[in-house]
K.L.:
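Have a look at the structure that comes next, please.
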There are 2 protein chains.
Amino acid sequence: MEVKSAVTSLAALAHEGRLAAFRLLVQAGGEGLAAGELARRLEMLPNTLSANLNILANAGLVVSQRDGRSIVYRAQYDAMRDLLGFLVEDCCGGSPEICAPLFKTVNDCC
Amino acid sequence: MEVKSAVTSLAALAHEGRLAAFRLLVQAGGEGLAAGELARRLEMLPNTLSANLNILANAGLVVSQRDGRSIVYRAQYDAMRDLLGFLVEDCCGGSPEICAPLFKTVNDCC
DNA sequence: TCCATATTTCCAGTATATTCGAAATATGAG
DNA sequence: CTCATATTTCGAATATACTGGAAATATGGA
């Protein structure tokens with residue numbers, strides 16, 4: 001992952017509303033959620049949410065697909081993994097010892 | 001880690017210059033680097049870098065300590081680990097299968 | 001076709017971020 | 001004490017981001 005791509009992804013997530021939307025989509029799994037359902041759950045105006053989903057999509061963190069009158073958004077797990085990998089790669093360049101606790105974090109969560 | 005804290009950290013890293021500074025500090029290890037040395041390596045004006053280091057420090061990602069005429073900055077590995085943990089925790093809430101490849105990423109790097 | 005629903009696009013106002021020059025502060029050397 | 005070095009703080013200009021209202025687009029149903 002390139003630096004510019006990482007910055008774009010980090011910036012997309014560095015916003016309370018977008019981070020919340022992304023988390024909901026991640027938790028929703030492969031089925032995804034319709035834009036309207038997200039707006040309802042996050043209590044955001046549809047147009048504001050749309051703009052924010054667009055930013056997430058632009059960063060490659062989510063994808064959208066029309067389903068009838070709704071547009072369903074799904075998290076892109078690969079993109080998230082790439083971003084985490086980029087940060088981890090960064091961390092280990094100089095200090096492998098930081099990875100032990102991170103390793104533990106990953107273990108604990110699964 | 002709270003959402004607001006995560007957003008602050010993500011925003012701090014979502015800037016090419018700051019991300020580069022943070023990476024250098026991470027690679028520099030516990031010794032850290034003086035502000036001037038960072039400015040030289042990153043080819044940034046000292047005052048611009050200072051403002052950016054301040055943003056990183058505010059997010060808790062780096063700490064500073066005076067050493068003679070220089071001010072030495074060091075990466076805060078704990079903060080980075082917390083941020084990664086927050087993102088991982090998020091990811092695993094709904095989809096444990098995403099952790100397998102992440103697990104592999106962490107393994108590969110150490 | 002006509003209408004309601006779902007979502008996006010456009011636009012303008014406001015807020016926040018970024019940068020740089022200039023001045024201020026802190027330290028150590030002579 | 002005076003000076004050079006290292007860094008920060010201040011202030012203003014510019015750029016970018018965020019939000020919400022209004023209008024536009026797309027879809028499916030009556």
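Residue numbers begin at 1 in each chain, while the letters A, B, ... track the order of the sequences.
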K.L.:
Can you measure from CE (M80(B)) to CG (L13(B)) and round to the nearest 0.5 angstrom?
P.N.:
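Between atom CE of M80(B) and atom CG of L13(B) there are 8.0 Å.
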K.L.:
If you measure from CG on L33(A) to CZ on R40(A), what distance do you get to the nearest 0.5 Å?
P.N.:
10.0 Å
K.L.:
So which one's nearest nucleotide on DNA chain C is more toward 5', N47(A) or I55(B)?
P.N.:
N47(A)
K.L.:
Could you check how far CG of L53(A) sits from C1' of dT19(D), rounded to whole Å?
P.N.:
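It works out to 15 Å between those atoms.
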K.L.:
Would you jot down, in residue-number order, the residues of residues 60-76 of chain B having a non-hydrogen atom under 4.0 Å from DNA chain D?
P.N.:
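Per residue number, the list reads R69(B), S70(B), I71(B), Y73(B).
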K.L.:
With side chain to side chain contact (heavy atoms under 4.5 Å, CB included) as the criterion, how do N52(B) and M44(B) come out once you've worked through the C-alpha distance, each side chain's angles and the decisive distance to 0.1 Å?
P.N.:
CA-CA 10 Å; N52(B) 283 323; M44(B) 273 197 228; 4.2 Å; yes
K.L.:
Looking at OH of Y73(A) and CD of Q65(A), how far apart are the two atoms once the value is rounded to the nearest 0.5 Å?
P.N.:
12.0 Å
K.L.:
dT19(C) phosphate, OP1 or OP2: any side-chain N/O from H15(B) under 4.0 angstrom?
P.N.:
yes
K.L.:
Rounded to the nearest 0.5 Å, how far does CG of L42(A) lie from OG1 of T48(A)?
P.N.:
11.5 Å
K.L.:
Can you tell me how far apart CG (D82(A)) and CG (D78(A)) are? Round to the nearest 0.5 Å.
P.N.:
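Reported to 0.5 Å precision, the distance equals 6.5 Å.
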K.L.:
Let me know, please, whether A14(A) or A35(B) comes out on the 5' side of the other along DNA chain D by nearest nucleotide.
P.N.:
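Final value for this comparison: A35(B).
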K.L.:
Whole Å only: how far is the CG atom of L42(A) from the P atom of dT7(C)?
P.N.:
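Taking CG of L42(A) and P of dT7(C), I get 13 Å after rounding.
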K.L.:
Using a heavy-atom cut-off of under 4.0 Å over every strand shown, decide if A34(A) touches base, sugar-phosphate, or nothing.
P.N.:
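Result for A34(A) = sugar-phosphate.
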K.L.:
Have a look at R40(B) and say if it touches a base, only the backbone sugar-phosphate, or nothing, with a 4.0 Å heavy-atom cut-off.
P.N.:
nothing
K.L.:
To the nearest Å, how far apart are L38(B) CG and dA6(D) P?
P.N.:
14 Å
K.L.:
To the nearest angstrom, how far is L45(B) atom CG from dT7(D) atom C1'?
P.N.:
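Rounded to the whole Å, the gap is 13 Å.
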K.L.:
Rounding to an integer number of Å, can you tell me how far M44(B) CE sits from dT18(C) P?
P.N.:
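Rounded to whole Å, this separation is 11 Å.
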K.L.:
Do the non-hydrogen side-chain atoms of L19(B) and E16(B) ever get within less than 4.5 Å of each other?
P.N.:
no
K.L.:
Provide, to the nearest angstrom, the distance between the CD atom belonging to E16(B) and the C1' atom belonging to dA15(D).
P.N.:
16 Å
K.L.:
What is the nucleic acid contact for N52(A), judged by heavy atoms within less than 4.0 Å: base, sugar-phosphate only, or nothing?
P.N.:
sugar-phosphate
K.L.:
Measure from CZ on R18(A) to C1' on dT19(D) and round the result to the nearest Å.
P.N.:
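In whole Å, dT19(D) C1' lies 12 Å from R18(A) CZ.
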K.L.:
Between dT8(D) atom P and N54(B) atom CG, what is the distance in whole Å?
P.N.:
8 Å
K.L.:
Can you tell me if T48(B) touches the phosphate of dT19(C), counting only side-chain N or O atoms and a distance under 4.0 Å to OP1 or OP2?
P.N.:
no
